[in-house]
Amino acid sequence: MDAKMRVMTENPLNAETPIERLRTWITDNEVFFKRNQGMFPESPVELGAWSLSIDGHVDKELNLSYEDILALPKVVVANTLECSGNSRSLLKDKASGNPWTIGGVGNAMWGGIWLGDILKKAGLKSDAKHVCFEGFDIPKGKAQIKFIRSIPIEKAMDSTLLAYEMNGEQLPLEHGFPLRALALGWTGANCTKWLIKITLITAPVDSFFMDKVFRIFQKGEDRYSGEVITQMPVKSIIFQPLKDEQFQEGVIPIRGAAYAGEDGIKEVVVSVDDGQSWHPATLIGLDVPYAWRHWEYLWESK
Ligand SMILES: Nc1nc2c(c(=O)[nH]1)N[C@H]1C(S)=C(S)[C@@H](COP(=O)(O)O)O[C@H]1N2
Ligand SMILES: [Mo]
């Protein structure tokens, strides 16, 4: 792994992208943020020994080899992925968890197949309402709690990818080799890595990672009563200048990326006086579904 990543924990590996490396529209694989609840194998699984099973409320159970997956129509799509804990360390109210600054997000081109294509092959029973994903990473700690989560059938049929390539390379080990889910525009927790099993179920899965975490709730509230985190809400990060960087008076470039999950970005405004006045930024670079939009504001300071 690139030594320049900011490693928060080693076992399991949790590391954020150095801020300067967020400045390209595509985030390089070697510095793309890595977020793990459990331990993944130190070396890649033998592809011959790997398969993906699809079971539960389907007409026909499937067991697909890596070759079967490669034989399906390939798509390559952009997707900005963010951990829902990103920017946590910048909150005024302290929140527990990995102390992300703004590097828990990245944008990549992902190659793979539509999950909907496989689900159509399996045939959905009429009561199949949620799609549950299981990876083969090993839970950490005594509790042995696996990272198990599900997404609604509509999202699974409409815009969820099973990816085996990341930025033109084979999906890296840390990012879920050989296959991961990507619910496009939804937070990282909806994108299970190291997939081995997909189960069609009738309601959201009853699991620790569905019920106790990745929900929106306030301090002191019952976690289970909170809404499950799905799409990424609108947000912008600033990756230039860096925090505490000093300038002479003159033109100071302010640059960042804005993203809104399944929605596009229409405009970005910037304030350099604590919100008293706002200035339109220029949107730059590619404008592609599910990908962040880069922007720039040239601040003429005096
Ligand atoms: N199997 C498995 N999938 C997982 C996780 C995990 O711990 N195990 N972590 C999730 C979380 S919380 C995030 S933010 C993303 C991070 O993806 P990345 O490490 O490829 O950036 O993976 C998700 N998928
Ligand atoms: Mo996450």
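Since we're looking at a predicted model, the values are computed, not measured. Note that the numbering runs from 1 along the sequence shown for the chain. Read the numbers this way: they start at 1 and go in the same order the structure lists the ligands and their atoms.
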Using a 4.0 Å heavy-atom cut-off, say whether [X] meets ligand 1 through its side chain, its backbone, both or neither.
| X | answer |
| --- | --- |
| Ser84 | neither |
| Thr187 | neither |
| Asn36 | backbone |

Below 4.0 Å from any atom of ligand 1, is there a heavy atom belonging to Phe214?
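Phe214: in contact with ligand 1 (<4.0 Å).
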Salt-bridge present ([X], [Y]; N to O < 4.0 Å):
| X | Y | answer |
| --- | --- | --- |
| Glu249 | Lys302 | no |
| Asp211 | Arg223 | no |
| Lys146 | Glu134 | yes |
| Lys4 | Glu30 | no |
| Asp55 | Lys197 | yes |

Considering only non-hydrogen protein atoms, determine which one is nearest to [atom] and report residue, atom name and distance to 0.1 Å.
| atom | result |
| --- | --- |
| atom 23 (C) of ligand 1 | Gly188 O, 3.2 Å |
| atom 19 (O) of ligand 1 | Lys193 NZ, 2.5 Å |
| atom 17 (O) of ligand 1 | Arg180 NH2, 3.2 Å |
| atom 24 (N) of ligand 1 | Cys191 O, 3.0 Å |

For ligand 1, which atoms have a heavy atom of [X] less than 4.0 angstrom away?
| X | answer |
| --- | --- |
| Thr192 | 1 (N), 3 (N), 24 (N) |
| Cys83 | 14 (S) |
| Leu81 | 17 (O), 21 (O) |
| Trp194 | 1 (N), 2 (C), 8 (N) |
| Lys34 | 19 (O) |

Can you measure from [atom1] ([X]) to [atom2] ([Y]) and round to the nearest 0.5 angstrom?
| X | Y | atom1 | atom2 | answer |
| --- | --- | --- | --- | --- |
| Leu22 | Gln240 | CG | CD | 12.0 Å |
| Asn14 | Thr9 | CG | OG1 | 3.5 Å |
| Lys74 | Trp114 | NZ | CH2 | 13.5 Å |

Nearest heavy atom to [atom] wins, so pick from [options].
| atom | options | result |
| --- | --- | --- |
| atom 10 (C) of ligand 1 | Phe136, Phe147, Phe33 | Phe147 |
| atom 5 (C) of ligand 1 | Gln37, Lys146, Glu174 | Gln37 |
| atom 8 (N) of ligand 1 | Leu171, Asp137, Thr17 | Asp137 |

Does any N or O atom in Arg35 lie less than 3.5 angstrom from one in ligand 1, N or O only?
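Yes: some nitrogen or oxygen of Arg35 is under 3.5 Å from one in ligand 1.
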Considering both backbone and side-chain atoms of Glu82, is one of its nitrogen or oxygen atoms within less than 3.5 Å of a nitrogen or oxygen in ligand 1?
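No, Glu82 has no N/O under 3.5 Å of an N/O on ligand 1.
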Answer yes or no on whether Arg215 is positioned over the face of Tyr224, meaning its NZ or CZ is under 6.0 Å from the six-membered ring centre and within 45° of the axis.
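Yes - Arg215 lies over the ring of Tyr224, closer than 6.0 Å to its centre and within 45° of its axis.
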Aromatic plane relationship, Tyr66 with Tyr164 - under 30° parallel, 30 to 60° tilted, over 60° perpendicular:
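Rings of Tyr164 and Tyr66: perpendicular, over 60°.
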Could you label the plane-to-plane angle of the Trp292 and Tyr259 rings as parallel, tilted or perpendicular, counting under 30° as parallel and over 60° as perpendicular?
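Geometry flag for Tyr259 against Trp292: tilted rings.
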